[in-house]
A.B. asks: 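Quick one: this structure, given as structure tokens, is what I'll be asking you about.
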2 protein chains.
Amino acid sequence: MIPFRVAFEPGSALHEQVLYAARKAIVGGKLAAGDAFPSVRTLARELKINPNTAHKVVERLTAEGLLEVMPGIGCVVAKAAAGSRSEKKRLLDREVEALVVEARRLGLGLEELQGAVEEHWMTLGGRK
Amino acid sequence: MIPFRVAFEPGSALHEQVLYAARKAIVGGKLAAGDAFPSVRTLARELKINPNTAHKVVERLTAEGLLEVMPGIGCVVAKAAAGSRSEKKRLLDREVEALVVEARRLGLGLEELQGAVEEHWMTLGGRK
DNA sequence: ATACGTGTATTATGACGCATAGTACACCAA
DNA sequence: TTGGTGTACTATGCGTCATAATACACGTAT
């Protein structure tokens, strides 16, 4: 009964894949702010991974501000963080540049790239 | 005398960083189609990395179609590859989704994300 | 109080990738 | 021939990843 699924594939670390799936679920609205997040041991059991690996995921999500820990209780998904717009853009800088480089490597145009971005944005949940 | 620079930082593999820097230079127009690409041993010497690591970079760039090997001579940067638009978009799929997820995690809006994409596109070289 | 489920911390181990080092070969040009 | 190209192979030290097995402080429910 986990609110997201992970298609384990080689190429990136296991905990990175779980981390991304969880991020995607939270950001996409499948888990609303205040909802309970699966416990470390539940994650480990359901996904058939080591508790240490599952804990690493929760640790990272907490550090990113997506989860809040209730000691002795568990974790709940947090509200959207604050922070200035320019600061946020700066954090995205590298990833945006990497995507642009990759798009041009494939010979795509700016309009096509932006179209793909909008498409994925809508797929993930139109609002926001 | 290498047409690009690499700021070595931890977090990703060494050859990945060199690979990305080279891709960026080619795609950004710093190296035109037909220009000679630094040899494996030159790369190794200038960047102070192992020849095997340098060769891995050239190998990957060749596999991506960005370089062409002239046996016994060296490498030159290739022309833009063909391929259908839909096929290219499919290859970008994961990276686009990852960027969208990251942007929403930071609480950015679609317009802001599109703006950042366009900004980096222009920075890399307005045309194309 | 007891039992159970939280997050967290610690140590250990095997597997894998990365970067390095060294050597060797087929190819082409001056 | 000499020197520079890409390529292939083996080997080694290092770090990360995922696993395993405990252990502790905390809070809830019985």
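The sequence lines fix the lettering, A, B, ..., with proteins before strands; numbering per chain opens at 1.
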A.B. asks: Please enumerate all residues that pass salt bridge (charged side-chain N to carboxylate O under 4.0 Å, His left out) together with K89(A), with sequence neighbours excluded.
C.D. replies: none

A.B. asks: V76(B): which other cluster members, linking ILVMFWY side chains closer than 4.5 Å, directly or transitively?
C.D. replies: M70(B), I73(B)

A.B. asks: Just jot down the salt bridge (charged side-chain N to carboxylate O under 4.0 Å, His left out) partners of E59(A), sequence neighbours excluded, or say none.
C.D. replies: none

A.B. asks: Please determine if a side-chain N or O atom of S12(A) lies less than 4.0 Å away from the OP1 or OP2 oxygen of dC17(D).
C.D. replies: no

A.B. asks: What is the distance, to the nearest angstrom, from the CG atom on L43(B) to the P atom on dT7(D)?
C.D. replies: 12 Å

A.B. asks: Starting at atom CZ of R41(A), determine the distance to atom P of dT19(D), rounded to an integer number of angstrom.
C.D. replies: 16 Å

A.B. asks: Taking atom P of dT8(C) as reference, at what distance in whole Å does atom CD1 of I73(A) sit?
C.D. replies: 13 Å

A.B. asks: For R90(A), check side chain to side chain donor-acceptor pair (under 3.5 Å) against everything at least two apart and list the hits.
C.D. replies: E87(A)

A.B. asks: Let me know the distance between CG of L47(A) and P of dT19(D), rounded to the nearest Å.
C.D. replies: 10 Å

A.B. asks: Tell me every residue that passes side chain to side chain donor-acceptor pair (under 3.5 Å) with T123(A), counting only those two or more places apart in sequence or in another chain.
C.D. replies: none

A.B. asks: Could you give the CZ-to-C1' distance, from R45(A) to dC4(C), as a whole number of Å?
C.D. replies: 13 Å

A.B. asks: Within this structure, what is the CD-to-P distance between E16(A) and dC16(C), rounded to whole angstrom?
C.D. replies: 20 Å

A.B. asks: Could you state the CZ-P distance from F37(A) to dG7(C), rounded to the nearest angstrom?
C.D. replies: 10 Å

A.B. asks: Counting only side-chain nitrogens and oxygens, does S39(B) get under 4.0 Å of the OP1 or OP2 atom of dG4(D)?
C.D. replies: no

A.B. asks: Is there a residue in residues 48-72 of chain A whose heavy atoms reach under 4.0 Å of DNA chain C, and which residues are they?
C.D. replies: N52(A), H55(A), V69(A), G72(A)

A.B. asks: Between P38(A) and P3(A), what is the shortest heavy-atom contact and its length?
C.D. replies: CG-CD, 3.6 Å

